[in-house]
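Each chain gets a letter, A, B and so on, in the order the sequences are listed, and its residues count up from 1. Fair warning: this is a prediction, and the values are worked out from it, not measured in the lab.
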Number of protein chains: 2
Amino acid sequence: MSKNDSISMSVIRRLPRYYRFLSELNDQNIDKISSTKLAQIMNVTASQVRQDLNCFGGFGQQGYGYSVSQLKEEIKNILGLNNDYKAILIGAGNLGKAVAMHMNFEKLGFELIACFDNNEQKVGSKLNGITVKNESELDDFCNKNHIDTAFLCIPRVCVENVLDKLYSHGIKNYWNFSHYDINARYNDTMVENVHLSDSLMTLCYRMNNN
Amino acid sequence: MSKNDSISMSVIRRLPRYYRFLSELNDQNIDKISSTKLAQIMNVTASQVRQDLNCFGGFGQQGYGYSVSQLKEEIKNILGLNNDYKAILIGAGNLGKAVAMHMNFEKLGFELIACFDNNEQKVGSKLNGITVKNESELDDFCNKNHIDTAFLCIPRVCVENVLDKLYSHGIKNYWNFSHYDINARYNDTMVENVHLSDSLMTLCYRMNNN
DNA sequence: TAGATTGTTAATCGATTAACAATC
DNA sequence: TAGATTGTTAATCGATTAACAATC
């Protein structure tokens, strides 16, 4: 279909940032912007802005620039934020709790429909209105509900067991906070990793070598 | 000094991953590995492994390969994980709590020495043995203690005020969980961003366009 | 020594930037 | 129309991969 056949990850990873800056401009009731000005604000080159946007279509108007509100909506659609992907969260520890409580899933194209934990202590507690279920109910829940993606907030050593179960139910999209290498086990999965400790190590390196 | 004059961010961001895989191999008591085998395990090319490592020195031995334990230690040193950088955490909400409780700072070159929050409800509670202080004590604390870096787990709108304060005390390294653009305000800061919602949006895009 | 594997140079590939014709 | 700014092609830059001589 049309242009977005094989957009590079470099471009894809910049999209949320465009979306954020455009949302801000829109909130400030600015209705037009040129690639040059947007680039200035975002601290990138105007060429990059135009190249990136043109991966998806000609959203601008020569001699004028881009309509902020229109471009913002375009990117929202490109990202797919109007979706309502059903997500479940595995692991209601500190990290899982933070993910459940902190994120505005609705604005990101997701709906969190259930949380699971294997710790009896946590079962029954509520996260953003969702009662934490016992992990033993996971299979049953997967059978009875359509699930698009799983957010894994469990320790590395626990992932394989849970992953095998989820994969057997056809779940192939993962937001993974552990260091378990999901793709190595199932190469047809779509995995977005968040490696907090890698990020902190990178900061450490840079502090050493500034 | 020597080789690591201007290592590209691409290489730097791969270092934690090397460190992880080497640590694992070491735990399995494997004592030698070739670039080819390591590349296989990590799903990259052997060329990249050798190029990356040679940015920092010739750690291998021709005809033999690399000593796992030695290479692991080398990378640990390159990353600077033996440091004891003093860090403070701003924001003891769900995210801040998760960061404080979940991370093994000691193994990452940091020591968390204080937490602050402006919410009276949170002040006095304990995170991993550290009592949450009132944000009003921040200035005083900065005056009396050496601080290398701040972890910002506060909402975007709260960052500017806190940042100005921290920067005035000479703190220039930040682990930033908000969408506030620290570098735009102070361009001599070292910032490592964690943008959870950007990550989730990227997953959303990829789910739409698999 | 012969075999293996590194360190490093050269070739390729992809991403970013510059330039400019098209056009509003 | 003249001025501005896009969309797009071409040039540059950097990162990845391949090749191979050095050497353990």
Side-chain angles (χ1 to χ4, degrees), chain A residues 2-18 21-22 25 30-75 78 202 205-206, chain B residues 2-18 21-22 25 30-75 78 202 205-206:
Chain A
S2 74
K3 287 196 163 195
N4 64 343
D5 280 328
S6 61
I7 311 297
S8 77
M9 275 306 278
S10 318
V11 175
I12 296 169
R13 293 209 176 278
R14 283 196 289 268
L15 290 176
R17 192 151 183 270
Y18 286 115
F21 278 87
L22 287 163
L25 290 166
I30 292 162
D31 47 49
K32 90 149 239 207
I33 195 152
S34 68
S35 56
T36 309
K37 267 205 210 148
L38 184 55
Q40 251 172 327
I41 298 171
M42 295 182 64
N43 198 32
V44 296
T45 64
S47 271
Q48 184 164 78
V49 170
R50 294 205 295 279
Q51 286 274 32
D52 283 354
L53 298 178
N54 274 92
C55 290
F56 304 99
F59 302 131
Q61 194 176 1
Q62 274 117 326
Y64 175 83
Y66 299 86
S67 150
V68 171
S69 65
Q70 194 227 97
L71 187 55
K72 182 199 129 214
E73 283 306 309
E74 292 284 3
I75 296 180
I78 292 163
T202 302
Y205 174 90
R206 296 203 279 150
Chain B
S2 74
K3 287 198 162 192
N4 64 344
D5 280 327
S6 61
I7 311 296
S8 78
M9 275 307 277
S10 318
V11 175
I12 296 168
R13 292 208 178 279
R14 282 196 289 267
L15 290 176
R17 194 151 182 272
Y18 286 116
F21 278 86
L22 287 163
L25 291 167
I30 293 162
D31 47 50
K32 97 153 231 201
I33 194 152
S34 68
S35 56
T36 309
K37 266 204 212 149
L38 184 56
Q40 252 173 326
I41 298 171
M42 295 182 64
N43 198 31
V44 296
T45 64
S47 272
Q48 183 164 78
V49 171
R50 294 205 297 277
Q51 286 274 32
D52 283 353
L53 298 178
N54 275 90
C55 291
F56 304 99
F59 302 132
Q61 194 175 0
Q62 273 116 328
Y64 176 82
Y66 299 87
S67 150
V68 171
S69 65
Q70 194 227 97
L71 187 56
K72 183 201 126 207
E73 284 305 310
E74 292 284 3
I75 296 181
I78 291 163
T202 302
Y205 174 90
R206 295 204 281 150

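Partner of Val49(A) under the side chain to side chain contact (heavy atoms under 4.5 Å, CB included) criterion, out of Thr36(A), Asn54(A), Val44(A): Val44(A) alone.
In this structure, Arg50(B) places its CZ atom 11 Å from P of dA18(D), rounding to the nearest Å. Atom CG of Leu71(B) and atom C1' of dT5(C) are 14 Å apart (whole Å). Note: CG (Asn54(B)) to P (dA15(D)) measures 16 Å, nearest angstrom. Rounded to an integer number of Å, the gap from CZ of Arg14(B) to P of dG14(D) is 16 Å. Taking atom CD of Gln48(A) as the reference point, atom C1' of dT12(D) lies 15 Å away to the nearest angstrom. Between the CZ atom of Arg13(B) and the P atom of dA15(D) there is a distance of 13 Å, rounded to whole Å. One can place CG of Leu38(A) at 14 Å from C1' of dT5(D), the figure rounded to the nearest angstrom. Rounding to whole angstrom units, OH of residue Tyr64(B) and C1' of dT6(C) are separated by 13 Å.
Side-chain atoms of Gln51(A) and base atoms of dT6(D) include no donor and acceptor less than 3.5 Å apart. Judged by atom type and distance alone, Gln62(A) reaches the base of dT6(D) through a side-chain donor-acceptor pair under 3.5 Å.
Taking a 6.0 Å sphere around NZ of Lys37(A), one finds it holds 12 or fewer heavy atoms contributed by other residues, nucleotides or ligands.
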- Could you walk me through whether Phe56(B) and Leu15(B) pass the side chain to side chain contact (heavy atoms under 4.5 Å, CB included) check? CA-CA 11 Å; Phe56(B) 304 99; Leu15(B) 290 176; 3.7 Å; yes

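Considering only the side chain of Ser10(B), dT16(D) comes nearest among dG7(C), dT16(D), dC20(C).
In terms of modelled atom types and a separation under 3.5 Å, the side chain of Lys32(A) and the main chain of Tyr64(A) share a donor-acceptor contact. No side-chain donor-acceptor contact under 3.5 Å links Arg14(A) to the backbone of Gln48(A).
Summarising the base pairing, dA22(D) is matched to dT5(C) through a Watson-Crick or G-U wobble pair whose two defining distances lie under 3.5 Å.
Within the nucleic acid shown, Ser47(B) comes within 4.0 Å of at least one base atom, counting heavy atoms only. Among the protein residues, Thr36(B) comes within range of no part of the nucleic acid, since none of its heavy atoms lies under 4.0 Å from any strand. Using a 4.0 Å heavy-atom criterion, one finds that Lys37(A) contacts no nucleic acid atom at all.
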